[in-house]
Number of protein chains: 2
Amino acid sequence: MPAPRRKTETVEIETPEERQPVSLGLLDNLLGYRLRRAQLSVFQDFLVTMKEFDLRPAQFSVLAIIDANPGLKQSRVSEALGINRANFVALLDELEQRKLARRAPAPGDRRSNALFLTAKGEAFLKDAYRHLVAQHEKRVETVLGSADKQQLLSLLDKLTTLA
Amino acid sequence: MPAPRRKTETVEIETPEERQPVSLGLLDNLLGYRLRRAQLSVFQDFLVTMKEFDLRPAQFSVLAIIDANPGLKQSRVSEALGINRANFVALLDELEQRKLARRAPAPGDRRSNALFLTAKGEAFLKDAYRHLVAQHEKRVETVLGSADKQQLLSLLDKLTTLA
DNA sequence: TATTGTTATACTCTATAACTATA
DNA sequence: TATAGTTATAGAGTATAACAATA
C-alpha cells in the first residue's frame, strides 16, 4: 500500500494548464479546412500501412493506372493523375528501377513511351492492394460505416467538378 | 447556306484520337485518392477566390485561429493547426509584416509570445471571409447542396479521428 | 532539465522554361 | 509548327536538429 500523500499536498497546481480548447472560429464552417485535415489523416494512415511496401500514394496511383490501362502513353498516364509530365519522369524512373513498371516503344509514334507493369509489378500491386484493403480501408470503414463510405465518395466527386 | 462538303471528304481522320477514357482501376475504390482530388479542387477554388486578397489557405487559417482565440500563445496556435513551430515562424513573420497580426509579450512567461490580430487584421479577415462565403462557399454549395455540405463535414470529421 | 521561439537545413511536391527527337 | 519525353531550376510545404533565453 502506497504511503498516503496528504500533508503538503497543496501542490500549488504548478500547471494551471490554461488548456482551454482552441476555438476554430471562422475555420469551423470552411469546407476546405475540414477536407484538408481529413485528407492528411487518411494519407498518414495510408503511409503507415504501405510502409513495409515502401510505396507512397502517388506511386501506388501510377501502378494502378498502368495496371488498368496497359500500353497507355506516358503523357496520358501523368495527365490522368494530374501530375505534370516533367515531374512524372523521376517518379516513373524509380518504378522502373524497382522493376515494377517499364517503358516500351509506342507503336506508330517514336516520340512516345507505352507503359506496362512487369510481372513483378503486377504481383506487387496486387499484394499491396490486398494489404491496403485489409488494413487501411478496413480502418476507414470502421470509423465511417460502409454505407457512409459510398455516400462520401459520391459527395467528393461532386466537389472534384468544382475547379 | 454553306457549300455542301462531300467530294474529298474522306479526311483520312487525321486524329483517330485513341481517346478512350482512362480507367482508374484499383484507384476507384480508394478513399484517399478521391479525397485528395476533391481537396485539390477545393483549394484551387479557394486560391482563385482569395487571389485579390493575396491570402493562402494556411495564412487564412492562422488569422482565423488568432481572431477566435486572441492572446493565445504562438506554440498553441501552430499546434492547433498542425503546423510545426519551426515552420510557423516565417508564416507569422509575413502576417506581422503585413500588419495583420502582432506578437506581444505573454503575461507570466517571458519565453512565449501572445498573438493578436491588429485592427487592420480584424477588418481584413472579416472582408476576406465575407468574400469567401459569397464566392467560394457559394460555389461549393451549388455543386453540393446545403444539406449535403453538413453531411460531408460530419463524415470528414470521422475520418480525422483516424490518425 | 524542459519548453519557447528561432535558425539552418534537407527532402518532397509542384510549376515553368527550354532542349531533343520526332510528328 | 506542334507534341512527347526530358533536364534544370525555383518555389512551396514539411520535418529534424540545435541554439539562446527562460522556466
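Atoms considered below: every heavy atom in the structure, side chains included; atoms not considered: hydrogens, waters and symmetry mates. Reminder, nothing fancy here: chain letters follow the sequence lines and each chain counts from 1.
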Next item on the list: Figure out the CG/C1' separation between A:Asp93 and D:dT7, and round it to whole Å.
Entry: 11 Å
Next item on the list: Figure out the CG/C1' separation between A:Leu72 and D:dG5, and round it to whole Å.
Entry: 15 Å
Next item on the list: Grab the CD-P distance between A:Glu94 and C:dT12 for me, whole Å please.
Entry: 9 Å
Check: Any sub-3.5 Å donor-acceptor pair from A:Asn69's side-chain atoms to A:Ile65's backbone N or O?
Finding: yes
Check: Would you say the side-chain atoms of A:Thr160 pair up with the backbone N or O of A:Leu156, donor to acceptor, closer than 3.5 Å?
Finding: yes
Margin query: If we ignore hydrogens and angles and just use 3.5 Å, is the side chain of A:Arg110 paired with the main-chain N or O of A:Pro105 as donor and acceptor?
Written below: no
Next item on the list: Specify the separation, in whole Å, of atom CD of B:Glu79 and atom C1' of C:dT3.
Entry: 12 Å
Check: Taking the nucleotide of DNA chain D with the closest heavy atom to each, which residue, B:Ile83 or A:Ser75, is nearer the 5' end?
Finding: A:Ser75
Note to self: Using side-chain heavy atoms (C-beta onward) and a distance below 4.5 Å, is A:Lys149 in contact with B:Leu155?
What the structure shows: no
Check: Near DNA chain D, under 4.0 Å by heavy atom, which residues of residues 32-59 of chain B?
Finding: B:Arg56
Item checked: Whole-Å distance separating the CG atom of B:Leu91 from the P atom of D:dG13 -> 8 Å
Next item on the list: Measure the acute angle between the ring planes of B:Tyr129 and B:Phe60, then classify it against the limits of 30° and 60° as parallel, tilted or perpendicular.
Entry: parallel
Check: Are A:Asp93 and A:Arg103 close enough for a salt bridge, meaning some N to O gap below 4.0 Å?
Finding: yes
Checklist line | B:Asn113 CG to B:Leu72 CG distance, which is reported to the nearest 0.5 Å | finding: 11.5 Å
Next item on the list: Find the distance A:Phe88:CZ to C:dC13:C1' and express it as a whole number of Å.
Entry: 15 Å
Checklist line | Base versus backbone protein contacts along nucleotides 16-23 of chain C [heavy-atom cut-off under 4.0 Å; B, S, -] | finding: BBB---BS
Note to self: Is it the case that the side chain of B:Ser41 and the backbone of A:Leu162 share a donor-acceptor pair, with hydrogens and angles ignored and the cut-off at 3.5 Å?
What the structure shows: no
